[in-house]
Amino acid sequence: MMRVPFVDLKAQYLSIKDEVLPAIEQVLSSTAFVLGKSVSDFEQAFAAAHGVRYFTCVSSGTAGNHLALWTLGVKAGDEVILPSNTFIATAWGATLCGATPVFVDVEPDSYNIDPARLEAAITPRTKAVVAVHLYGQPADMDALREITDRHGIALVEDCAQSHFAEYKGKRTGGLGITSSFSFYPGKNLGAYGEGGGAATNDPEIARKYRMIRDHGSEKKYYHEIYGHNYRMEGIQGAVLGVKMRHIEAWTESRRRNAARYNELLKNVPGICTPKEMPYAKHVYHLYVVRAERRDELQKHLESKGIATGLHYPVPLHRQQAFAHLGCKPSDFPVTERLAGEILSLPMYPELTAEQIRYVCDSISEFCR
Ligand SMILES: Cc1ncc(COP(=O)(O)O)c(C=O)c1O
């Protein structure tokens, strides 16, 4: 029986081992363990590649979510709108500022926050909208911006899953006033530990990013504003710097793998493949299908040695942590339906055509 893991970080490590070990050694021998040249070099390269003026590395994507809202002055009593179908860290960005998350349902085809439902969620307390580019596909930023501009509220991006994805030919990360990225190991661009970042084109916000990540300080022991310790480790900067040389090729491999899946699954009854929206270049952090009898299919694939995932089995409006918000599941019909149908298939650049064929044959066998 062929085994197909959900991700294969070892295969990628082996392919860059000869570049990554000397880069790590360089950090160790220079003892630049926290921030330092490896991190600032990577910040510059990542900003340039994303067409943003400033990119600031931090210790996780969650820290980036927090900074992206903190630097806008989001505070207790404010509301922050975000999609009901996302990883919970998007909401922590709001709660860490003391604000209340307000969930909005997603579109049935892109699975991203639905601009048609946004306006009804805006109140005089709304300070920002966080668009998540879920699974690697950009949200419809122009449609969202038309609404946020009209109401004078900030549009922020959560790019944890969308490194190098494009919206109308522009990379995500520079489309909102602030944005955040995650470099968690399994992300499209992953560190060898925790990592994240925040981007902006605004020099004053960028200055705040840098100060807040380092105790509210520009000069050691002089603290101008409230801060945190959100610094990135030097080793992570070195690993990410090496991976920058490969990320575009890896992104193309993900897209090729998605096209193979689409082709082999297109006529399988009961399976709905992901739709790439006309404005989007999807980078397939996750390849998510919808399936009738999803739970049985997942078990069948497991018995065939194929690992799959659910992103996400419990939507935010139904999480215990947000029970006090009193959300009604009937307000989120699309997210509710997705939670019972979505299935994430194995996806990583090193996935082979044979593995994809095996996964698709195993799905067809179950569905026919
Ligand atoms: C959409 C989204 N936002 C935020 C995060 C948080 O990133 P991290 O795990 O690096 O804190 C993640 C990933 O975990 C994510 O998928």
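Counting starts at 1 for both ligands and their atoms, in listed order.
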Other members of the hydrophobic cluster containing M277, with the 4.5 Å side-chain heavy-atom rule, please. I81, V102, V104, I113, L118, I122, V129, M141, L144, I147, I153, L155, Y167, L175, Y279
H163 side chain to T251 main-chain N or O, any donor-acceptor pair under 3.5 Å? no
When you check the gap from the basic side-chain N to the acidic O, do R213 and E43 get nearer than 4.0 Å? yes
K219 to Y222, cation-pi by 6.0 Å centre distance and 45° axis angle: yes
Quick one: side chains of residues 46-54, donor-acceptor pairs under 3.5 Å with protein atoms, not counting sequence neighbours, listed by atom name and distance.
residue	atom	partner	partner atom	Å
H50	ND1	F46	O	3.1
H50	NE2	F164	N	3.3

Anything under 3.5 Å between an N or O on ligand 1 and a protein N or O? List each pair with its distance, or write none.
residue	atom	partner	partner atom	Å
ligand 1	3 (N)	D158	OD1	3.3
ligand 1	3 (N)	D158	OD2	2.8
ligand 1	7 (O)	S182	OG	3.3
ligand 1	10 (O)	G61	N	2.8
ligand 1	10 (O)	S182	OG	2.7
ligand 1	11 (O)	G61	N	3.3
ligand 1	11 (O)	T62	N	2.8
ligand 1	11 (O)	T62	OG1	2.6
ligand 1	14 (O)	K187	NZ	3.1
ligand 1	16 (O)	Q161	NE2	2.9

Residues 16-25, side-chain donor-acceptor partners within the protein, below 3.5 Å, at least two apart:
residue	atom	partner	partner atom	Å
E19	OE1	R245	NH1	2.6
E19	OE1	H246	NE2	3.3
E19	OE2	H246	NE2	2.8

